[in-house]
Number of protein chains: 2
Amino acid sequence: MEHSARQNLGVSAYARLKRDIIRGVHPAGEKLLMSNLRQRYDLGTGPLREALSQLVAEHLVVAISQRGYRVAPMSVAELEDIYDARAHLEGLIVELAIARGDDAWEADILAKAHTLAKVMDVSGPEEMLDIWDRRHQAFHGAIAAGCGSRHLLQAREGLLDQVERYRHLWLCETVFSSEALEYKRQEHAALVEALLARDASEVCHMIREHLMTPVPIIREVMKRRGLE
Amino acid sequence: MEHSARQNLGVSAYARLKRDIIRGVHPAGEKLLMSNLRQRYDLGTGPLREALSQLVAEHLVVAISQRGYRVAPMSVAELEDIYDARAHLEGLIVELAIARGDDAWEADILAKAHTLAKVMDVSGPEEMLDIWDRRHQAFHGAIAAGCGSRHLLQAREGLLDQVERYRHLWLCETVFSSEALEYKRQEHAALVEALLARDASEVCHMIREHLMTPVPIIREVMKRRGLE
DNA sequence: TCTTTGCAAAATATCTACATTTTTAAAAAA
DNA sequence: TTTTTTAAAAATGTAGATATTTTGCAAAGA
C-alpha cells in the first residue's frame, strides 16, 4: 500500500531546476546546457526537456528553437511590473475574501498568523529562512483562500512563481535582520485585526503597502549586483 | 536570410494538441495514449511529452505518474468559477486601462472594433467562426492592453486558455445565429462609447455583463451533452 | 451462483543511448 | 579587417530497452 508512488523523473527534475533557478544557482540569462544539466542532476535529456518545457510555460525559462534553453532574464522594469500586478490582484482577491470568507477562514488566518509569529532562530540561519518563508506564504495564502475562486488563486500562484526570484533577493536581506522581522510582525498583526473587522478598504490599503515594501530593497540589491 | 526558422517538433505538437483539446477532438477526461498520439500527429514520444508537459503547466492536461496523460476534466462548477474569476480580473484590468490608457490605446480599440463589426459570412461557416473569434479576441485584447502591465495581461491569458474549451461550446452556438451576433455588436458599440468617455464604473458593469452572458448558454449545452 | 483473489500476458509509460541536424567557434583565405 | 571554410559542440529526434500498470482468466471463497 505504501510503495511511495514513484514519480517520473521529469517531475523531480522540474522541482529541482525550479528551486535552483529561484535561488540563483542558475542566474538570470544563463544558458542551460544540456550536458551540464545532465551531469548536475544525473538525468537523461528526456526528463530534463520535460521539466524545461514546464518551466517555459511558467516563463521562468525561455526556449530558443535549436538553440536550447536559457534562464529568463531579470530586470528592474520586470520587478516593478510584477509587484504592481501582484498588488492589484492581491487587492482584488482580499476584497473578495472579506466579502465571502466564513468563520473557518478567519480561524485559519489566526492559526497561520500564530505559527508565523512564533518562528524562532533555533537552528542555522539557512533553516530559519526556509521556515519563516514557508509560514509567511501560508499566512498570506490563508487570507487569499477566502476569495473562494480556484482560478483566481491559480492566477495568484502564477504571479508568485514569477516573483519568487526577486523575492529571494529580499528574503536573504530581511530574514537575518531582526528589526525588519519585528516590523513585519507588527504589519501582520495589524492586518489580522483589520481582516477580522472586515474593513475592506483599510485591508486593501494595508496589503498593498505590505506587498510593496520589498521593492526598493530589491531594487537596491539588483543595482549592487549589476542585474539592472 | 529567410530559412523559415525551423521550430522544434515539441512546439508544433503543443500547438496542434492544444487546438484539438480546445475544439473537443480530445474530449474532457479522455486518456491520451502515447501510441494514439504518435500515430495521429506522426511524432515520436519525446516531442509529444514536451508538448504534454507544457499543457500540464497550463492545466489543460493532467499527468498521473506512470499512468500517462489525460485531458483535464470539465464541469459546470469549473465553468462558473472560471467566468467568475475572469469577470473580476477583467474588471480590474479595464479599470486600470481607463486610468492609464493613452490616445494610441483608444485608436487601437476603435480600429479593432471596426474590423470586428465588418465580419461577413463570405466563406463557409467554419471559416466565419475562426475570423469572428480572432477579431473578437483582438478587440478585447486591445482594451485590456491599456492596463500596461505585462504580468496582469499574462494572468489574463492564463484564464483565457482555461476558458477556451468552454467558450468553444458557446461559439458554435452563437456565431451561426445572426441575432446573437447583432446583439453582441450592439454591446461592443456601447462598450466603446463608455470607454472613450472613460466612465470606469459604467464600463466595469458592462464588461461584466458582456463577459457573463455566455454562461447560461454554455451550461445548457453542457447539460445537453451530459458534461455536467 | 456471485464475488474476490492471484497470476501471467499484454499494453503502456518511461528512460537512455545513439544517430542526425544545427549552431557555434576557430582557423584559414581573401 | 572581412569572409569562407572547417571542426567541435550542442540540440533534437528516434528506436529500442526497461519498468509499471492494466487486463483477462481461472481458481478459491462466500
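To find a chain, count down the sequence lines: A is the first, B the second, and so on, and within it residues start at 1. Everything numeric here is computed off the predicted structure, so don't read it as measured data.
- Residues A:Gln54 and B:Ser53 come closest through the heavy atom pair CG-O, 3.4 Å.
- For B:Ala85 against A:Ser149, the heavy-atom pair with the smallest separation is CB-OG, 3.7 Å.
- With hydrogens and angles left out, the side-chain atoms of B:His151 and A:Gln162 include a donor and acceptor closer than 3.5 Å.
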Worksheet entry | Reading 5' to 3' through nucleotides 9-20 of chain D, protein heavy-atom contacts under 4.0 Å coded B for base, S for sugar-phosphate only, - for none | -SSSSB----SS

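- Under the salt bridge (charged side-chain N to carboxylate O under 4.0 Å, His left out) criterion, B:Arg40 pairs with B:Asp20, not counting sequence neighbours.
- By the salt bridge (charged side-chain N to carboxylate O under 4.0 Å, His left out) test, B:Glu58 is found to be paired with B:Lys18, residues two or more places apart in sequence or in another chain being considered.
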